[in-house]
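Note sheet for the following structure.
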Amino acid sequence: MPARARRSDARDNHALLLAAAKEVFAEDGPDAPLDRVARRAGIGNATMYRHFPSRRELVIAVYASDVASLTGNARLDAADPGAELFAWLAAFVEHVRDKRDLALSLTTPAGDHETLFAQWHATVNETAAALVDRAKEAGAVAADTDALDLLLLATGIALSGASDRADRLLDLVRRGVSSTGGP
């Protein structure tokens with residue numbers, strides 16, 4: 001088989017494994033049996049281990065993909081920067097709430113999780129800062145609104161266990177940072 005076809009096939013297998021792992025981990029957590037991931041992807045275990053030699057590498061790939069999706073979905077050209085900021089913060093709340101166990105599974109004493117988390121946090125912080133700057137320019141939030149403050153508040157909402165109140169709580173935050181002082 002030509003090298004180009006193998007690379008394409010390998011890329012396809014990688015994508016299938018990543019998608020399957022996202023589903024399986026979402027259903028059963030990061031300790032789910034890896035053979036379920038391979039079966040869900042329609043790929044043999046040996047192929048899976050060639051792509052991801054350890055559970056940790058697969059979890060890292062899934063979490064990195066989730067962070068990339070979260071930050072990549074921020075619309076920095078939105079017509080309403082204030083609405084986009086809070087739509088993205090709602091997605092951030094969902095990410096923190098739904099991906100927490102996945103992220104925590106990486107915090108082993110022997111792991112390099114500090115470096116990974118620093119990179120992921122930097123990407124999230126940069127995205128939030130860009131959205132806040134756009135919202136400030138549009139007059140949608142007060143000039144002293146700080147992206148890190150909003151991320152910390154959103155994290156608190158995500159970890160509160162009150163997912164049925166997340167929208168209301170984010171609306172309270174939005175009103176609190178509104179440049180007009182009201183809804």
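Quick caveat, the model's predicted, so the values are computed rather than measured. Because only heavy atoms are used, hydrogens play no part in the values below, and waters and symmetry mates are left out as well, while side chains stay in.
Counting heavy atoms from C-beta outward, Gln119 and Thr115 have side chains that approach closer than 4.5 Å. The shortest distance between side-chain heavy atoms of Asn45 and Leu34 does not fall below 4.5 Å. You'll find the side chain of Thr155 stays beyond 4.5 Å of the side chain of Val93, heavy atoms only. Side-chain contact between Val177 and Asp144 is absent, with no heavy atoms from C-beta onward closer than 4.5 Å. Taking 4.5 Å as the limit, some side-chain heavy atom of Leu58 sits within range of a side-chain heavy atom of Phe25.
Thr47 contributes atom OG1, which lies 11.0 Å from atom CG of Leu16 (distance to the nearest 0.5 angstrom). Of the inter-residue distances, the one linking Arg174 atom CZ with Leu153 atom CG reads 15.0 Å to the nearest 0.5 angstrom. To the nearest 0.5 Å, the span separating CD1 on Ile157 from CG on Leu169 amounts to 5.0 Å. Within the model, atoms CD of Glu23 and CG of Leu18 stand 10.5 Å from one another, a figure rounded to the nearest 0.5 Å. Note that CG of Asn125 and OG1 of Thr71 are 11.5 Å apart. Values are rounded to the nearest 0.5 Å. Note that CD1 of Ile60 and CZ of Phe52 are 10.5 Å apart. Values are rounded to the nearest 0.5 Å.
Considering every non-hydrogen atom in both Leu17 and Ala38, the closest pair reads CD2-CA, 4.3 Å. For the pair Ala79 and Arg75, the tightest heavy-atom approach, listed with the atom from each and the gap, is N-NH2, 4.5 Å. Looking at every heavy atom in both residues, Arg56 comes nearest to Leu106 through NH1-O, 3.1 Å. Shown here for Ala138 and Pro81, the closest heavy-atom pair between the two residues is CB-CG, 3.8 Å.
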**Item:** Residues Leu131, Glu84; criterion side chain to side chain contact (heavy atoms under 4.5 Å, CB included); working and verdict
**Value:** CA-CA 8 Å; Leu131 290 166; Glu84 177 58 21; 3.8 Å; yes

**Worked check of side chain to side chain contact (heavy atoms under 4.5 Å, CB included) between Leu151 and Leu89** = CA-CA 8 Å; Leu151 288 173; Leu89 283 172; 4.3 Å; yes

**Request:** Go through the steps for Tyr63 and His95 under the test side chain to side chain contact (heavy atoms under 4.5 Å, CB included), then give the verdict.
**Result:** CA-CA 10 Å; Tyr63 194 76; His95 169 85; 3.2 Å; yes

**Request:** Determine, step by step, whether Thr145 and Lys136 satisfy the side chain to side chain donor-acceptor pair (under 3.5 Å) criterion, reporting the C-alpha distance in whole Å, the side-chain angles of both residues, the deciding distance to 0.1 Å, and the verdict.
**Result:** CA-CA 8 Å; Thr145 301; Lys136 285 180 189 180; over 6 Å; no

**Item:** From CA spacing to verdict: side chain to side chain contact (heavy atoms under 4.5 Å, CB included), Met48, His14
**Value:** CA-CA 8 Å; Met48 178 181 66; His14 189 275; over 6 Å; no

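Counting only distance, with no hydrogens or angles, the side chain of Arg55 and the backbone of Ala32 share a donor-acceptor pair below 3.5 Å. No donor-acceptor pair closer than 3.5 Å links the side chain of Arg97 to the backbone N or O of Phe92. At distances below 3.5 Å, not a single donor-acceptor pair connects side-chain atoms of Asp171 with backbone N or O atoms of Asp167. Within the 3.5 Å criterion, the main-chain N or O of Ser65 finds a donor-acceptor partner in the side chain of Ser69. Remark: the backbone N or O of Leu76 is paired with a side-chain donor or acceptor of Arg134 at under 3.5 angstrom. Of the possible donor and acceptor atoms, one in the side chain of Trp88 sits under 3.5 Å from a partner among the backbone N and O of Leu70.
Hydrophobic cluster membership of Leu152, counting Ile, Leu, Val, Met, Phe, Trp and Tyr whose side-chain heavy atoms lie under 4.5 Å apart directly or via other members: Leu148.
Two different hydrophobic clusters hold Val62 and Leu104 under the rule that ILVMFWY side chains link at heavy-atom gaps under 4.5 Å.
A salt bridge links Arg40 with Glu27: at least one charged nitrogen is closer than 4.0 Å to a carboxylate oxygen.
Side-chain N/O atoms of Ser178 and Arg175 include no donor and acceptor closer than 3.5 Å.
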